[in-house]
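Letters A, B, ... mirror the listed sequences (proteins, then strands); counts begin at 1.
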Amino acid sequence: MSTLATTYSPKEIESKWYEYWMKHSMFHSEPDDREPYTIVIPPPNVTGVLHMGHMLNNTIQDVLVRRARMTGKNACWVPGTDHASIATEAKVVAKLVQEGIQKADLTREQFLEHAWEWTRKHGGIILEQLKRLGASCDWDRTNFTMNEEYSRSVIRVFVDLYHQDKIYRGVRMVNWDTKALTALSDEEVIYKEVNGKLYYLRYYISPLTPEGGRGAYAVVATTRPETILGDTAVCINPNDPKNKHLKGKKVIVPLVNREVPIIEDDYVDVEFGTGCLKVTPAHDVNDYLLGEKYSLEVIDIFNDNGTINEKGQLYVGQDRFDVRKQIEKDLAAAGLLEKVEPYTNKVGFSERTDVAIEPKLSMQWFVKMDELSKPALEAVMEDDVRLFPPKFKNTYRHWMENIKDWCISRQLWWGHRIPAWYLPQGGLVVAETVEDALMLAKEKTNNPKLTAEDLRQDEDCLDTWFSSWLWPISVFDPNVPGHPEVDPNRDLQYYYPTADLVTAPEILFFWVARMIIAGYEWAGGYPFRNVYLTGIVRDKLGRKMSKSLGNSPDPIELIEKYGADGVRVGMLLSSPAGNDLPFDEALCEQGRNFCNKIWNAFRLVKGWTVDENEKQPEHSAIAVEWLYALIQKTVTSVADDFEKYRLSEALMELYKLYWDEFSGWYLEIVKPQLGKAMDKTTYEATLKIFDIMLRLLHPFMPFITEELWQNLAKRADDESIMLAQQPVAREHDEHVISSFDFAKQTVTAVRSVRQEKNLSMKEPLRLLVKGDMNAAAKNLAVRLANVSEVAPLNVDDKATGASFMVGTTEFLIPLEGLVNVEEERKKLQTDLAYSQKFLKSVLVKLNNEKFVSSAPEAVVAVERKKQADAESKIKSIEEQLQKLG
RNA sequence: GGGAGCAUAGCUCAGCUGGUUUAGAGCAUCUGCCUUACAAGCAGAGGGUCCUUGGUUCGAAUCCAUGUGCUCCCACCA
């Protein structure tokens with residue numbers, strides 16, 4: 001008997017095999033003659049920790065990579081991390097604050113030292129966590145968006161774009177983060193509903209009466225009364241009768257007493273508020289546009305940290321939200337506040353620091369997107385890059401067709417510093433290094449005496465995505481864009497384009513679209529063939545799992561509790577591409593249970609003893625033939641599922657194959673009776689089947705399959721299931737499967753009779769048959785339903801008992817004295833009614849001449865078969881009823 | 001405001017170009033079992049006006065339209 005424990009304990013097994021794989025460099029890939037299969041990981045934030053989204057994402061990638069590796073491809077999964085400039089900088093700043101250090105008190109170099117220290121301390125934790133999951137990344141290729149080589153490629157790309165005139169500097173209204181003190185791209189702003197107030201303010205018409213008294217006034221509605229300090233106009237709709245009296249007038253801005261013009265523009269909504277709009281060009285995007293159109297003065301009243309500056313005249317140095325409260329009181333006191341209404345509007349917040357965004361005019365660097373985006377749009381529209389699920393094509397197109405220039409400068413220190421140097425007498429040069437910059441500067445200024453100290457490098461860093469859009473290229477060749485003198489890079493040639501990208505739809509534009517753009521621009525084509533977009537992991541209440549809500553389980557704890565394989569199965573069981581994953585620990589439990597099932601089947605098989613002289617029983621031969629056929633069928637359909645990225649379905653098919661078919665039916669049939677030995681033929685077939693099934697399951701459940709595969713047969717020291725091949729489907733006889741299905745149904749029916757009549761499994765039953773009953777059914781009935789004898793059922797047979805039908809074959813289990821005639825009759829009558837109704841519906845079709853003439857012949861034939869079967873069924877039920885008397 | 005998508009069993013989802021579907025799976029539920037691999041298990045069972053209403057068709061869960069409800073993306077009326 002086996003000494004294996006009755007439950008599978010994953011812990012030691014997982015670390016044992018992961019170390020084994022690492023020791024033998026089994027994840028490592030080098031270019032060779034095989035077809036490459038490449039995935040680049042969506043690089044997580046370098047100082048991040050693993051969350052459920054990563055779990056899902058990386059499980060999927062690992063399944064794809066492991067399967068590719070087992071189908072003869074040279075699989076390479078490149079891991080790495082992203083420096084995540086603003087996110088990391090925010091963390092470092094917060095940590096310094098805790099230590100009583102302000103960022104402003106540090107020099108750039110000092111701050112970067114702290115940041116690197118932080119990175120060294122926390123960096124890569126997430127990659128270690130991925131190992132627990134079983135991720136088969138090529139760790140030798142681990143990359144980082146801010147390591148030296150990678151950084152060089154980022155700078156090179158900037159310079160290249162600059163020389164192509166695709167990068168420019170300009171004053172623009174940007175989203176200003178008053179906490180991080182940086183501009184944000186539109187994508188980094190999250191709009192939230194905020195319960196605020198709508199303030200109605202009085203703007204008196206100028207001039208005031210000679211005595212300083214007040215006459216008529218305009219009422220302006222605003223949610224941000226503090227911005228009146230920067231008002232430079234009031235705007236009305238030219239077609240608004242309500243405000244006709246204001247045309248051509250000037251009004252006095254409350255409190256600051258600035259005289260500003262009334263301007264007219266269709267932009268103003270007559271219906272909203274009073275139809276009067278205050279215009280603050282420096283602090284509102286739309287106002288800015290109005291300001292440009294009507295050449296209004298621009299008064300920027302805010303400091304970078306959101307406090308009022310001298311230009312605001314009042315409240316100087318106070319925070320914008322404090323001012324809002326104060327100004328309400330002051331306006332009221334001055335009789336300039338008409339009324340205040342509660343009002344809900346949407347306000348932009350910084351994705352990273354969660355402070356309200358302040359629209360702000362500032363000098364920033366931009367990438368011109370119109371030309372760059374064209375090939376990338378086409379790539380997806382023409383399916384050169386395929387999105388899964390394809391519904392994202394629409395979203396993608398919409399975005400790419402309305403793409404705006406990309407603000408790439410960030411007022412941060414942690415990141416790639418913009419390679420632009422300002423000249424002492426104005427102007428700038430852009431170059432890869434300060435040396436190159438100096439050369440250019442000398443040329444440009446005609447001043448050979450210029451030194452590096454005379455040049456001042458731009459203070460800003462590049463947007464994180466300006467480095468990660470190069471990820472699929474730079475991890476293979478940091479010399480891109482290619483310098484002619486550099487040898488063509490073998491890795492890039494071999495691994496690029498990558499096969500699949502697995503990522504979240506949230507970063508379709510941030511990252512995916514931009515990688516496609518970069519691919520066409522610098523690597524001669526698309527960066528990946530397929531994009532698998534995962535869903536969002538949600539909790540039971542449908543909320544997105546997030547740190548702030550505290551509703552996300554710790555993945556490592558889950559692994560401890562259910563095992564990595566169990567969690568992987570749990571993640572994949574209900575996660576079709578693009579669908580959200582409503583996560584429930586019960587799914588991991590199901591995964592763990594499956595591991596246990598696999599484990600116990602192995603225990604059973606391992607416990608068998610083999611007797612060479614034993615002949616293979618017929619039922620075993622039948623079971624082997626059937627399961628082989630079923631496996632072939634499943635292999636084909638699993639391959640099809642993978643083609644379509646239907647991973648959950650592939651897994652579910654294998655789950656059922658292993659649990660129901662293999663464990664539930666096959667093993668129950670072939671297992672020898674207590675104390676008996678097993679015949680060699682069946683034993684070897686079973687080992688072979690076990691081997692096939694482990695290989696099929698390995699991409700999903702790497703650890704337990706390796707453990708059992710290693711124990712299934714003698715293996716060499718450098719062998720691994722992960723290097724074995726996936727089973728290839730062979731032809732199978734569908735008839736074998738359908739015969740066996742008939743047998744299963746027969747067994748189930750007999751068992752059902754036992755249950756209903758409360759008959760113990762130990763009590764043998766006779767089974768009378770009228771019609772076809774194949775050998776499989778006979779064998780299985782005997783083997784699995786304790787049927788002692790199968791005999792023909794004669795029409796005049798007076799036997800009473802429980803009857804049932806499988807297909808058109810009629811069965812009777814004689815049960816003298818045990819049958820309640822009334823109950824039996826009722827049951828038969830229900831069956832009869834059902835069949836009659838069914839027959840009727842079939843006949844309606846067949847009696848419809850149009851159906852018979854227009855439907856394809858095969859469809860009509862099917863209906864005729866239904867009719868014949870139903871008729872025969874009805875006939876036999878009626879006979880049964882007669883017999884009951 | 002603009003766009004996209006979804007609605008099938010208690011839950012999560014299959015159901016592909018309309019026809020062997022008076023609709024399938026897993027989980028959950030109920031009943032009976034500690035049967036010598038596994039109670040993290042075994043055996044059996046129940047459960048659905050395929051969101052509404054129309055239309056196209058010989059035939060609709062499937063195609064079209066309308067309504068309802070939900071989700072996401074984009075825009076950001078102060």
Base, sugar-phosphate or nothing for A:K845? Non-hydrogen atoms, less than 4.0 Å. nothing
Describe the nucleic acid contact of A:S663 in one word from base, sugar-phosphate, nothing, applying a heavy-atom distance below 4.0 Å. base
Contact class for A:Y396 (heavy atom, under 4.0 Å): base, sugar-phosphate, or nothing? nothing
The Watson-Crick or G-U wobble partner of B:A37, with both key distances under 3.5 Å, is none
Pair assignment for B:G44, Watson-Crick or G-U wobble, requiring both distances under 3.5 Å: B:C30
For B:C6 versus B:U22, give the span between their P atoms, rounded off to a whole number of Å. 25 Å
Is the distance from the ring center of A:F662 to that of A:F690 below 6.0 Å? yes
With both distances under 3.5 Å as the test, what is the Watson-Crick or G-U wobble partner of B:A23? none
Tell me, yes or no, whether the heavy-atom count around A:K393 atom NZ, taken from other residues, nucleotides or ligands under 6.0 Å, exceeds 12. yes
Ring centres of A:F392 and A:Y396 under 6.0 Å apart? no
Answer yes if the side chains of A:Q590 and A:Y655 hold a donor-acceptor pair under 3.5 Å, and no otherwise. yes
Under 6.0 Å from the CD atom of A:E401, do we count more than 12 heavy atoms belonging to anything else shown? yes
Just by distance, with hydrogens left out, do A:D231 and A:T280 show a side-chain donor and acceptor under 3.5 Å apart? yes
Separation between the C1' atoms of B:C74 and B:U17, rounded to whole Å: 33 Å
With the side chain defined as heavy atoms from C-beta on, A:P856 is closest, among B:C76, B:G19, B:A45, to B:G19
With heavy atoms under 4.0 Å as the rule, sort A:R754 into base, sugar-phosphate or nothing. nothing
Touch class at under 4.0 angstrom, heavy-atom based, for A:K762 against every strand present: nothing
Is the number of heavy atoms from other residues, nucleotides or ligands under 6.0 Å of A:K242 NZ greater than 12? yes
Does anything in residues 582-598 of chain A come within less than 4.0 Å of RNA chain B? Heavy atoms only, and list the residues if so. A:P582, A:Q590, A:R592, A:N593, A:N596, A:K597
Applying the Watson-Crick and G-U wobble criteria at under 3.5 Å, what pairs with B:G69? Answer none if nothing qualifies. B:C6
May I ask which nucleotide in the shown strands pairs with B:A61, Watson-Crick or G-U wobble, both distances under 3.5 Å? none
